[in-house]
Colleague: 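Before I ask anything, let me first share the structure, which is written out below as structure tokens.
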Amino acid sequence: MPFDFRKHADFPNRFTSEVERQMKEKERRDRQTALIFALLIGAFAALGILLVMNSNSRVGPKDVSDCSSVQPEAARLACFDELSRHSKSEPFKGAPPAELGGKK
């Protein structure tokens, strides 16, 4: 049985095209993996930014008007105390200095 070279003459072309197809498929998978990885990094960065932005928010009252509408007198006084505890305003002129470590 003689070997027909004409029948198998296109073997190098078929081999090359198969290798090129496999390389393109591998490149496509690599790009998809990189895209997914980049999206995950972006999502984690956005989540981190949101957590940092919300970490300084406090739950208590933010203004005097928040406390003025509280009805029971004891609760209203507690609200004002909480507001003054978190207040960053300077005391009025002539106010005694704030206590440091329990000492004046």
Side-chain angles (χ1 to χ4, degrees):
M1 178 166 178
F3 187 73
D4 187 9
F5 286 103
R6 288 177 286 162
K7 182 177 176 184
H8 300 287
D10 67 337
F11 175 74
N13 293 337
R14 283 187 294 153
F15 181 74
T16 305
S17 65
E18 180 67 22
V19 169
E20 287 174 355
R21 186 189 63 77
Q22 288 176 354
M23 288 176 62
K24 285 180 183 178
E25 181 67 25
K26 183 181 182 308
E27 184 178 343
R28 184 184 66 79
R29 283 191 311 245
D30 290 346
R31 286 184 181 188
Q32 283 179 343
T33 303
L35 176 65
I36 291 170
F37 188 67
L39 289 174
L40 283 173
I41 288 175
F44 282 126
L47 180 64
I49 290 170
L50 285 174
L51 289 174
V52 167
M53 286 175 56
N54 289 331
S55 66
N56 291 337
S57 63
R58 52 190 174 99
V59 180
K62 295 181 180 180
D63 196 64
V64 174
S65 61
D66 294 340
C67 295
S68 62
S69 62
V70 176
Q71 283 306 320
E73 187 175 330
R76 185 170 50 250
L77 290 175
C79 180
F80 284 125
D81 288 342
E82 184 70 23
L83 182 65
S84 67
R85 195 173 300 126
H86 292 290
S87 176
K88 294 184 180 178
S89 63
E90 293 292 322
F92 62 91
K93 240 182 187 179
E99 292 184 19
L100 300 173
K103 299 177 183 177
K104 282 191 176 184

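Keep in mind the model is a prediction, meaning the values are calculated, not measured. What you see below is based on every heavy atom in this structure, not just the backbone, and it leaves out hydrogens, waters and symmetry mates. In what follows, residues are counted from 1 in the order of the sequence shown.
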Colleague: Under the side chain to side chain contact (heavy atoms under 4.5 Å, CB included) test against E25, which residue among R29, E27, Q22, M23 passes?
Modeller: R29
Colleague: So does R31 have more than 12 non-hydrogen atoms from other groups sitting under 6.0 Å from CZ?
Modeller: no
Colleague: Distance from L35 atom CG to L40 atom CG, nearest 0.5 Å?
Modeller: 9.5 Å
Colleague: If you measure from NZ on K26 to NZ on K24, what distance do you get to the nearest 0.5 Å?
Modeller: 15.5 Å
